[in-house]
Amino acid sequence: MYAARTGAPEVFMIVYDKLYYDGAWQSPSGTDTIDVVSSATEETVARVPRGTEEDVQRAVRAACRAFAGAWSDTSPSERAAWLEKLASAMKTRVPAIAESIAHEVGTALGYATKVQVEFPISMIGMNARFIREARLEEELGNSVVIKEPIGVVGCITPWNYPLHQVICKVAPALAAGCTLVLKPAELAPLSAFMLADAAHEIGLPAGVLNIISGPGRVVGEALITHPDVDMVSFTGSLPAGRRIASVAGDGIKKVCLELGGKSAFVVLDDAPLEKAVPAGVNHCMQNSGQTCSAWTRMLVPRAHHDAAVELARGQLAKLVLGDPFDAGTRLGPLASAGQRDSVLGYIDQGRKEGATLVAGGGRPAHLPRGFFVEPTIFANVDNRMSVAQEEIFGPVLVVVPYDSEDEAVRLANDSIYGLAGGVWAGTPERAMQVARRMRTGQVDINGGRFNVLAPFGGYKKSGIGREIGPLALDEFFQLKSIQR
Ligand code: NAD
């Protein structure tokens with residue numbers, strides 16, 4: 001293991017000075033590094049190599065050798081056994097990973113432990129089950145249709161749920177028989193290095209899992225343009241997704257894109273407001289609003305608007321903003337100074353466009369250190385305002401009044417995005433009817449819980465393809481038909 005770690009959270013310092021490919025920790029081809037900054041202390045807490053195009057070339061060569069030579073020929077049960085070993089090795093790392101994500105992203109440590117770390121680790125084991133149970137051959141007339149691994153996958157991930165997004169790609173890709181090169185986010189690369197550490201510890205065959213940290217414009221571009229990368233699996237912003245889709249299109253590569261969202265939560269006129277509104281606020285604010293599927297638009301009947309706003313304000317007051325390492329903290333800082341300034345810019349824009357600011361709206365005076373933004377609510381929002389149309393990716397909820405159920409559906413769908421959403425109605429039947437009319441990849445009705453078996457992904461500009469659950473495996477297969 002090439003990490004050195006010293007000190008308590010305040011002076012946490014972890015240094016990875018090597019990249020991981022071809023089954024070994026390898027010296028980077030360049031000498032530049034990336035500093036990882038704590039969102040709570042604004043201090044550098046870790047350092048990783050700034051990879052280069054040359055590093056990507058070497059890693060892709062290793063992934064190609066591993067794919068053709070062995071991994072694609074392993075049986076599903078062999079791959080399942082590797083995934084189970086990997087999950088076990090990751091379990092011993094839970095506290096270290098949670099601590100690193102609390103620094104990188106600002107996620108409160110308790111939430112980080114459960115949602116950012118334990119949950120994705122459990123998904124590794126689930127993918128072992130999915131591939132064991134998968135039906136990889138089917139007879140159709142005089143054909144045998146076979147699912148085969150697509151090849152070498154380039155995986156590019158964002159910073160907001162850094163391990164989760166890595167596992168959403170790595171676990172099904174490996175289960176399907178693909179090999180991969182992963183480029184984690186610059187702001188939050190540490191959990192990917194800890195994954196490499198775990199893979200090395202269990203002796204995962206060389207070249208199956210390769211990790212090159214570095215900038216999107218260098219390492220990411222080298223991956224997506226590489227002729228031997230068969231598929232790009234990307235999670236991130238719409239502009240980067242657009243670029244990746246066009247480059248991959250040029251190379252006739254398969255892409256899976258998990259992009260942004262501006263999801264609507266429709267509260268119907270017969271919904272119990274005192275249950276629905278707090279649930280909506282909590283959903284919007286999870287991970288301080290740095291969640292692609294967050295319900296950032298709350299659509300409420302005009303007659304209930306003021307009551308809903310009061311309930312929302314009351315719920316927001318319960319969500320303690322503070323140091324992610326304090327036990328009582330629910331909302332931590334944002335991940336970077338850039339993210340904080342971007343969110344504050346949107347809040348200013350909301351004020352200028354005439355939305356009514358009812359809570360928050362700035363930097364908290366009692367937290368001078370760290371990239372904090374007060375959780376914020378705008379009321380009386382017109383759905384055409386930029387705060388209702390653009391992905392803010394911070395703790396900002398907009399409340400939009402509507403006059404009829406048809407108008408609520410129209411407003412919910414009036415977005416370039418279609419990633420998630422919610423409906424709360426007096427009966428599940430009515431909620432279901434509205435959910436069916438929403439052009440979005442996931443809808444939770446009347447408090448329906450997150451389901452790890454359900455595919456996750458977007459309509460419209462929220463993306464192409466699906467992750468999570470057994471159906472996500474299909475993204476990593478080719479279909480071959482043999483006639484007899
Ligand atoms: P981003 O697009 O800036 O970066 C994502 C990753 O892409 C990073 O690793 C970055 O280095 C890389 N990258 C950037 N430009 C690239 C290029 N030209 N070629 C190759 N790689 C490139 O996004 P971000 O700020 O890290 O993450 C926030 C965004 O991610 C939000 O829009 C959010 O909604 C989205 N997101 C979506 C999902 C989902 O499942 N749909 C989940 C989480 C986050």
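Atoms within a ligand are numbered from 1 in the order they appear, just like the ligands themselves. Computed over heavy atoms, backbone and side chain alike; hydrogens, waters and symmetry mates excluded.
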Task: Pairs where residues 441-469 contributes a residue and the test side-chain hydrogen bond (donor to acceptor under 3.5 Å, both in side chains) is met, not counting sequence neighbours - done: Lys169-Glu467
TODO: For Tyr111 and Gln116, test the side chains for any donor-to-acceptor distance below 3.5 angstrom and give the result as yes or no.
DONE: no
Task: Pairs satisfying side-chain hydrogen bond (donor to acceptor under 3.5 Å, both in side chains), at least one member in residues 47-56, at least two apart - done: Ser29-Thr52, Ser29-Asp55, Asp35-Arg47, Thr52-Asp55, Glu54-Arg58
Open item on the list: When you compare the side chains of Thr291 and Tyr161, does any donor N or O come within less than 3.5 Å of an acceptor on the partner?
Closed with: yes
TODO: Using a strict cut-off of under 4.0 Å between a residue heavy atom and any atom of ligand 1, list the qualifying protein residues by chain and number.
DONE: Ile156, Thr157, Pro158, Trp159, Asn160, Gln165, Lys183, Pro184, Ala185, Glu186, Gly216, Arg217, Gly220, Glu221, Ile224, Phe234, Thr235, Gly236, Ser237, Ala240, Arg243, Ile244, Glu258, Leu259, Gly260, Cys292, Glu391, Phe393, Leu419, Phe456
Open item on the list: Going by side chain to side chain donor-acceptor pair (under 3.5 Å), name the residues that satisfy it together with Tyr20, two or more places apart in sequence or in a different chain.
Closed with: His200
TODO: Flag the pair Phe119 / Phe450 as yes when their ring centroid distance falls below 6.0 Å, and as no otherwise.
DONE: yes
